[in-house]
Amino acid sequence: MKDYSVDDTDKLDSSVQNNPAPQQQQQHEGDGLHRLLVPDARDLPLIPPSAVESNFVSYFAPDFIKPGHDQYVYRHANGLCVIGLAPTHVAFKDSGGITAVDFNVGRSDRSVLKVTGKRKKNAQQFEPNTALCKVCTNDDSYIVRCCVKGSLLEVNDRLIKLPGLLNSSADREGYVAIIMPKPADWLKAKGLLLGLEEYKKLRDC
């Protein structure tokens with residue numbers, strides 16, 4: 001066994017101080033990884049984002065075709081667009097709000113549309129100004145339109161029996177329809193829509 005001199009012992013102690021033990025290194029790396037994976041509670045928002053805010057990008061079509069006919073288009077990463085009434089739509093200003101929804105517009109009843117399979121068989125191609133439904137109030141009626149060119153995949157037929165969903169949650173359960181535009185058609189439509197912040201500035205909301 002080798003005998004260590006005083007000088008050798010000093011060098012050994014210095015080496016240990018300059019090179020932390022593997023356990024200490026692992027602890028340090030673990031602390032750094034924890035900070036990356038677990039956010040500081042002080043950095044979290046007071047109100048968590050909604051499902052719409054987390055999964056969709058919000059766009060708006062103010063005064064679409066007619067003044068006060070404000071609609072939203074929620075765009076998902078997979079290309080689907082959810083269409084509905086923006087909170088500033090003129091229909092919500094009528095006394096009693098929306099009382100009925102009729103999908104029998106144009107030449108067909110949109111509520112009987114049945115799309116099947118991955119190829120979306122039977123999906124109808126609609127233009128931006130194509131009517132999706134008519135919403136009625138105690139004072140008037142208003143046409144809700146596609147806003148984007150694409151295939152109509154489904155309409156929210158729950159609104160027929162529960163039109164009040166539009167008054168209470170138009171941005172969620174009260175959506176009107178889901179449309180799938182082609183990439184080129186979406187780019188054209190996007191250029192005519194407003195982002196969330198632009199919409200808020202326009203409507204002071």
Side-chain angles (χ1 to χ4, degrees), residues 39-40 42-94 97-98 101 103 105-106 110 115 120 123-135 137 140-156 158-159 163-205:
D40 190 327
R42 293 170 295 183
D43 297 331
L44 296 176
L46 295 177
I47 301 176
S50 66
V52 170
E53 293 171 328
S54 299
N55 301 309
F56 295 86
V57 179
S58 300
Y59 297 93
F60 294 86
D63 301 322
F64 195 76
I65 306 298
K66 291 184 177 182
H69 288 223
D70 295 354
Q71 293 186 225
Y72 67 71
V73 179
Y74 293 157
R75 166 87 168 176
H76 194 275
N78 62 11
L80 290 176
C81 291
V82 179
I83 311 299
L85 299 187
T88 52
H89 194 285
V90 65
F92 296 125
K93 299 177 182 179
D94 287 358
I98 295 171
V101 177
F103 285 100
V105 291
R110 313 300 190 207
V115 177
K120 308 305 179 186
Q124 298 181 29
Q125 294 289 323
F126 288 155
E127 296 295 323
N129 63 347
T130 301
L132 287 171
C133 69
K134 177 172 65 176
V135 297
T137 67
D140 210 338
S141 63
Y142 308 89
I143 297 296
V144 181
R145 302 180 187 275
C146 292
C147 294
V148 297
K149 180 180 179 180
S151 302
L152 178 63
L153 302 186
E154 71 172 63
V155 298
N156 187 5
R158 291 182 64 198
L159 298 177
L165 288 175
L166 281 167
N167 299 316
S168 61
S169 56
D171 61 334
R172 300 186 302 279
E173 292 88 348
Y175 74 93
V176 173
I178 297 177
I179 293 176
M180 173 61 87
K182 295 179 180 179
D185 291 330
W186 166 248
L187 290 178
K188 292 179 181 178
K190 182 181 177 182
L192 301 175
L193 300 173
L194 297 183
L196 178 59
E197 294 304 319
E198 294 175 301
Y199 164 72
K200 286 181 176 181
K201 290 180 180 178
L202 179 67
R203 294 301 189 228
D204 292 326
C205 59

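Bear in mind that the values here come from a model prediction, so they are computed numbers and not experimental data.
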Student check: side-chain heavy atoms of V176 and V155 closer than 4.5 Å
no
Partner of C146 under side chain to side chain contact (heavy atoms under 4.5 Å, CB included), picked from V73, N129, I83, T130, is T130
Could you walk me through whether V144 and K134 pass the side-chain contact (heavy atoms from CB on, under 4.5 Å) check?
CA-CA 6 Å; V144 181; K134 177 172 65 176; over 6 Å; no
Verdict with reasoning, L196 to F60, per side-chain contact (heavy atoms from CB on, under 4.5 Å):
CA-CA 7 Å; L196 178 59; F60 294 86; 3.6 Å; yes
Would you check if Y199 and K201 make a side-chain contact, meaning some heavy-atom pair closer than 4.5 Å?
no
Side chain proximity check, I178 to Y74, heavy atoms < 4.5 angstrom:
no
Check for me whether the distance between the ring centres of H76 and F56 falls short of 6.0 Å.
yes
Side-chain contact test, heavy atoms from C-beta onward, threshold under 4.5 Å: evaluate it for L85 versus Y72 and give yes or no.
no
If we count only N and O atoms by modelled type, under 3.5 Å, do the side chains of Y59 and E198 hold a donor and an acceptor together?
no
Backbone N or O of A131 within a donor-acceptor pair of the R110 side chain at under 3.5 Å?
yes
Are any of the side-chain heavy atoms of D140 and D94 separated by less than 4.5 Å?
yes
Shortest non-hydrogen contact from A189 toward C147
CB-O, 4.5 Å
With a 4.5 Å heavy-atom cut-off, do R145 and F64 have their side chains touching?
yes
Restricting to non-hydrogen atoms, name the atom on P181 and the atom on K149 that form the minimum distance, rounded to 0.1 Å.
CB-O, 3.1 Å
Should the pair H89 and F92 be assigned to parallel (<30°), tilted (30 to 60°) or perpendicular (>60°) ring geometry?
perpendicular
Can you tell if the side chain of L202 reaches within under 4.5 Å of the side chain of L194, non-hydrogen atoms only?
yes
What distance separates K182 NZ from L187 CG, expressed to the nearest 0.5 Å?
13.5 Å
Closest non-hydrogen atom pair between A91 and T137, with its separation:
O-CG2, 3.7 Å
Run D63 and H69 through side-chain contact (heavy atoms from CB on, under 4.5 Å) and show every step you take.
CA-CA 5 Å; D63 301 322; H69 288 223; over 6 Å; no
Kindly determine whether L159 and L165 satisfy side-chain contact (heavy atoms from CB on, under 4.5 Å), including the steps that lead there.
CA-CA 7 Å; L159 298 177; L165 288 175; 3.8 Å; yes
Closest approach of R172 and S168, non-hydrogen atoms and distance?
NH2-O, 4.2 Å
Taken to the nearest 0.5 Å, the spacing of R75 CZ from I179 CD1 works out to 12.0 Å
Looking at G150, is its backbone amide N or carbonyl O close enough to the side chain of D185 to form a donor-acceptor pair, meaning the two atoms are under 3.5 Å apart?
no
Just to verify, what does D70 make a salt bridge (Lys or Arg N to Asp or Glu O under 4.0 Å) with, not counting sequence neighbours?
R203
In the structure I gave you, are the side-chain heavy atoms of N156 and V101 within less than 4.5 Å of one another anywhere?
no
Of the non-hydrogen atoms in Y175 and A177, which two are nearest, and what is the gap between them?
CD1-N, 3.6 Å
Quick one: CD on E154 to CG on L80, what's the gap to the nearest 0.5 Å?
9.0 Å
Looking at CG of L193 and OG of S58, how far apart are the two atoms once the value is rounded to the nearest 0.5 Å?
11.5 Å
Which residues pass the side-chain contact (heavy atoms from CB on, under 4.5 Å) test with D204, not counting sequence neighbours?
none
